[in-house]
Amino acid sequence: MKAPRRLAPISLRTRLTLVFGLLFLLAGIVLLGTTYGLFQQQLRSGGTKFVSMLGKDMRETGDEEQRTADEGDETEGRSPSDQRRYAITPEGDVLTGATADRWIKAQQARVDEAATTSLLTQGGIALLVVGGAAAGFGWLVAGRVLAPLHRVTDTARRIAAAPAAGRGLHERIALNGPADEVKELADTFDTMVERLDRSFDGQRRFVANASHELRTPLTLGRALVEVAMHRRTASEDVKQLGENLLEINSRHERLISGLLLLADSENAITDRHPVDLADVAVHVVAQVTDQARAAGVAVRGTTAEAPTAGDALLLERLVHNLVENAVRHNASSDGWVEITTGVRTDGRAELRIANSGPVVPPYEIPRLFEPFRRLGADRVASARGAGLGLSIVRSIAGAHDGEVRAEPRTEGGLVVTVVLPGGG
């Protein structure tokens with residue numbers, strides 16, 4: 001059973017125009033009805049004057065005929081005053097008595113009907129024409145009144161569509177105009193965005209500063225462990241302990257480097273240079289060949305030219321994180337990683353990395369792009385990383401006005417696709 005189709009919502013501008021038009025039509029109908037009632041009252045009160053006027057004109061133009069009629073009436077035994085009303089038709093016929101009264105009343109009724117028809121017909125047409133013009137004028141006025149609201153909506157939409165949470169918060173509406181409700185709304189929105197912008201900037205500065213501060217003790221700790229391990233008197237237990245400590249130290253260094261890179265990649269890329277994703281992919285594959293061979297994973301692919309523009313170091317980190325994740329989170333044996341680069345039909349550069357591995361539930365895909373999130377594991381760092389790889393990938397892609405998406409393979413593993421603006 002198909003769901004019922006929902007009608008498209010009517011815009012506020014259309015609703016205001018309909019309200020303006022209906023109110024004007026109602027006011028016009030009331031005015032037209034009032035005019036019609038007054039006109040009918042005037043016609044009824046003026047009927048006697050109309051008959052008297054006709055009688056007066058006819059007496060002035062028919063004195064001789066009246067005297068003749070009066071003599072005939074006296075001969076017939078009727079009073080001359082009973083036959084004093086008469087009328088002459090446009091054809092020249094002379095009507096007297098009741099016949100003249102009926103003719104005069106018929107003429108009055110025709111005049112009333114013609115006047116009423118003219119008032120209602122022409123008045124109705126004029127009302128419709130003026131009502132349509134009023135609706136059009138209302139449409140223009142409503143559009144002008146709602147223009148500031150459209151500006152607020154467009155700004156909010158651009159901020160919401162920013163690839164990163166803190167991106168786009170530098171925009172302001174800065175609405176100029178009278179201090180009305182719309183300007184108050186725009187100023188309140190600007191204040192809210194400004195506070196959010198300061199909050200995100202403070203968060204990024206904190207991450208960067210904390211990461212820099214943590215690097216120094218880690219470097220000193222590594223130096224002390226290495227010195228202790230390389231002493232001539234160092235026992236095997238001390239050397240083994242030193243190797244474990246160095247491994248833990250290395251994980252912490254990778255975590256801090258990831259946090260620094262994540263904080264840097266949240267900023268917009270202003271200085272862009274031509275970069276070919278195919279060259280970056282070949283360079284990264286050469287770096288991870290030993291790691292892939294040790295893990296028993298075969299790396300293959302087809303690298304066609306995929307020109308884009310951006311920061312070469314950040315784009316290298318993007319590809320490196322994806323390839324490294326594909327190698328780490330793979331099958332225990334006979335695993336593979338496939339890398340493909342090229343240009344899409346819309347002219348954008350595309351990087352596609354697929355790998356074998358465990359089956360990934362579709363509902364887990366969004367969580368993989370969150371910081372410190374790992375599939376099927378807790379928040380404790382492991383040898384497979386700190387859970388920042390895909391978060392950094394998404395941030396770098398967003399900083400380059402691109403997008404990244406992941407899809408699970410039915411046989412196991414993932415297909416991650418990165419799309420960046422073309423560099424042509």
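Distance CD1/I353 to OG1/T340: 9.0 Å, rounded to 0.5 Å. Taken to the nearest 0.5 Å, the CG atom of L25 stands 7.0 Å off from the CG atom of L128. Once rounded to the nearest 0.5 Å, the distance linking CG of L31 with CZ of F24 reads 9.0 Å. Note that CG of L368 and CZ of R394 are 10.5 Å apart. Values are rounded to the nearest 0.5 Å. In this structure, CZ in R344 is found 10.5 Å from CG in L420, a value given to the nearest 0.5 Å. With values rounded to the nearest 0.5 angstrom, L175 atom CG is found 9.0 Å from L185 atom CG.
Crowding of R151 atom CZ: a count of heavy atoms from other residues, nucleotides or ligands under 6.0 Å exceeding 12. Counting non-hydrogen atoms of neighbouring residues, nucleotides and ligands closer than 6.0 angstrom, the CZ atom of R300 exceeds 12 such neighbours. Other residues, nucleotides and ligands place more than 12 heavy atoms under 6.0 Å from the CD atom of E226. At most 12 heavy atoms of other shown residues, nucleotides or ligands fall within 6.0 angstrom of atom CZ in R231. Residue-environment remark: CD (E184) stays at or below the threshold of 12 foreign heavy atoms within 6.0 Å. Summarising the local packing, CG of D346 is surrounded by more than 12 heavy atoms from other residues, nucleotides or ligands at distances under 6.0 Å.
Annotation: side chain of H400 is in contact with side chain of L314 (closest heavy-atom distance under 4.5 Å). A heavy-atom distance below 4.5 Å is not found between the side chains of E194 and D190. At a threshold of 4.5 Å between non-hydrogen side-chain atoms, the residues T289 and V299 do not count as touching. Side-chain contact check for P307 versus V343: some heavy-atom pair is nearer than 4.5 Å. L277 has its side chain out of reach of D279: every pair of non-hydrogen atoms, C-beta onward, lies at least 4.5 Å apart. Contact of the N325 side chain with the L390 side chain is registered, since non-hydrogen atoms from C-beta on lie closer than 4.5 Å. Counting only heavy atoms from C-beta outward, the side chains of V337 and V285 never approach each other to under 4.5 Å. At least one side-chain heavy atom of R172 sits less than 4.5 Å from a side-chain heavy atom of V193.
Taking the charged nitrogens against the carboxylate oxygens, K239 and E243 have no contact shorter than 4.0 Å, which rules out a salt bridge. Electrostatic pairing of R272 and D401 counts as a salt bridge here, judged by a charged N lying under 4.0 Å from a carboxylate O.
A side-chain donor-acceptor contact under 3.5 Å links Q287 and H283.
In terms of heavy-atom proximity, F189 sits nearest to I173 at CD2-CD1, 3.4 Å.
When each of V404, V419, V319 is checked for a side chain to side chain contact (heavy atoms under 4.5 Å, CB included) with L351, only V319 meets the rule. Shown are T155, T153, D154; of these, the side chain to side chain donor-acceptor pair (under 3.5 Å) with R157 is made only by D154.
For residues 409-419, the pairs satisfying salt bridge (Lys or Arg N to Asp or Glu O under 4.0 Å) are R409-E411, with sequence neighbours left out.
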